[in-house]
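What follows is a set of notes on a single structure, which appears directly below.
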Amino acid sequence: MSDILVDINKMHFQRGGRVIYDSISLQVKKGGITAVMGPSGIGKTTLLKVIGGQLYPDSGEVLFQGENIHQMSRKRLYDVRRKMSMLFQSGALFTNISVFDNVAFPLREHTKLAETVIETIVLLKLEAVGLRGAAHLMPNELSGGMARRAALARAIALDPDMIMYDEPFAGQDPISMGVLVKLIKELNSALGLTSIVVTHDVKEVLTIADYAYIMADKRIIGAGTPEEIRNSSSELVQQFLQGNADGPVPFHFPAQSMQETFMGTKS
Amino acid sequence: MNWLISLGASTLSRLSAIGNASLMLWGALFAVPRLKNISLIIQQVYVVGVQSLLIIIVSGLFIGMVIALQGYTILVNYGAEGSLGPMVALSLLRELGPVVTALLFAGRAGSALTAEIGLMKATEQLSSLEMMAVDPLRRIIAPRFWAGVISMPLLALIFSAIGILGGHLVGVDWLGVDSGSYWSIMQSTVEWDKDVINGVIKSIVFALVVVWIALYKGYDAIPTSEGISKATTETVVFSSLAILGIDFVLTALMFGIN
Amino acid sequence: MTSKKTELMVGIFVALAIAAILLLALQVANQGMSGNGESYNVSAKFDNIGGLKARSSVKVGGVIIGRVSRIYLDDRELIPVVEMEISSNYIKTFPETSSVSILTAGLLGEQYIGLTPGFVFPGEDPIYIGDQEGETKYIVDTKSALVLEDLIGQFLFGKDSG
């Protein structure tokens, strides 16, 4: 088998009449960290949901280990999903059960392990994210960063082949951001995972990514190793990297001209 | 021409909503036979059933007492206060028990179900279940559905029984109707299969409808705070209208045609 | 994940529901009486049954002994026939000379069948209702329902209909 884990080929996706992806292609290498960057509101989360088989593209194909996700039977899809897991932006912990039960949840659902074994696994996973002491807390007692780490422990509970991170750094203070960057990097090498990180925090993710894609305006506008991205000559890429307010991505949301709006004249 | 187009469009969107809701119901109905789910159902029976118990008992008691009071003042004019028993029992068993229980249930448990499911959707918990290869229909929707269908008839029976006792309290203990005639005329008038069983059938139908609406509205809610509040309101409004409408049809079928 | 407390509360809930069912079954609907045990059929022909319905009760001196099971029109004589189910507790109890009449419970109450037991000639082998075969299984001595309009008619026009 090739070393490509996820292969997206000329994928076209639209929702509510609005085109979100116009024929994009990207590959995720096995064992690496692939970053997908782009401005907010461009549908990066949607991309992860398409890979996870929750949303269906209008055309094109998405292959996971050489198999088309969207042509699988429902049963096969659920089998495949056990090999992937996803860290949601909000963490998506189940709010009615404790952190411990949250991490134990996938184990109890999918395995028939004895409760003592589950307890050991759960505590090990929590130890990996540094939250063993918080096992008995309820999700609403955790800070945002801790909730995300608890969700990460849950995501690795079943030892998946691939983890998709949805905006793991959004809204984090510098310390928890640093913790998450370190965790993503370490988990990836220690567990032999493949990671897809979707984010707009360019600096952080470029320090750990093996390969990066930049998306804007429904297309992929730049791709390469972090080094190549930094040295890219594309104006668009540079605007995004440096965070300039205006540039190829305009400051203004598309609108009528000022004159038309305020003077009521029609051209 | 334009109104024809908009009529067509709204019909199509209604139909597709009904289709989606049916698919959801289908998924929930066929997710029963797993042993693991039993404990989930018990937990939900606790949430939708046991926690509705207080409001059901209190309402049942007061409604029974009010019927007895109102009934007595009318019946005593004809010297027929002996018929208070059957009047209280029949109105509770045939109508008020199932209907008021269903309305209270829609307000108490239905809205809570919608809000819970809607929030789970908004906080990506449903999505994350799906990504963990756990079917949310099976894990979240089905246990709530069955718990509702089990709980509502039981609540309605408790409501009726408490109401009849409340009627006894007012009619016999306060207004002095003869206790013997309260019970015996009730016994000779109320029929097990026609009155009690039909009431239970009604409340099972109401349960199906209310829980279905509540779960679908939550599952289909727009995942914002505004969307969830709208879905919750719609659950209560639609369920109440559906209960009253279906009640008329069922009553006509059960008692109307002799 | 279901805690003991949850299970206990659900248990109490179900127990309450069962108590409600028992109350409804025994105290309210009197399930014990109507559905219980065997019964035998007796028929009677009336000229007019008034407001009698299926499932109306059959009483002897106020004691319920059975219910009306079916009411239909005899297709030859064109008069109503009432079929009754009498509890088997009362088999071989009422002689064939017993009479049935359609009575009303109170002024506004519902109508029921009152059975007045007949007498047995001493020294004769008594024949009981329900024993007879064929045509004779009808109770012969019947008294129809009182129809208010007829009563008023009799009162207004004297004793011409006697």
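Numbers restart at 1 for each chain; the letters A, B, ... are given by sequence-line order, proteins then strands. Hydrogens, waters and symmetry mates are skipped; everything else that's a heavy atom, side chains included, is used.
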Say you draw a straight line from [atom1] of [X] to [atom2] of [Y]; how long is it, rounded to the nearest 0.5 Å?
| X | Y | atom1 | atom2 | value |
| --- | --- | --- | --- | --- |
| B/L129 | A/R81 | CG | CZ | 11.0 Å |
| B/M120 | A/T95 | CE | OG1 | 6.5 Å |
| A/K49 | B/S127 | NZ | OG | 3.5 Å |
| B/M132 | A/R154 | CE | CZ | 3.5 Å |
| B/M131 | A/L87 | CE | CG | 11.5 Å |
| A/F94 | B/I140 | CZ | CD1 | 6.5 Å |

For the residue pair A/D166 and B/E124, establish whether any side-chain heavy-atom pair is separated by less than 4.5 Å.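 A side-chain contact exists here, since the closest heavy-atom pair is under 4.5 Å.
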Heavy-atom distances under 4.5 Å only: say whether A/L93 touches chain B with side chain, backbone, both or neither. backbone
Considering non-hydrogen atoms only, spot the tightest contact between A/F105 and B/V134 and give its length.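 In this case the closest contact between A/F105 and B/V134 is CE2-CG2, 4.2 Å.
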Between the main-chain N or O of B/A133 and the side-chain N or O of A/R82, is there a donor-acceptor pair closer than 3.5 Å?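 No, because the side chain of A/R82 does not come within donor-acceptor range (under 3.5 Å) of the backbone of B/A133.
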Would you find more than 12 non-hydrogen atoms of other residues, nucleotides or ligands less than 6.0 Å from A/K83 atom NZ? yes
For B/I222, look at atom CD1 and say whether over 12 heavy atoms of other residues, nucleotides or ligands are found less than 6.0 Å away. no
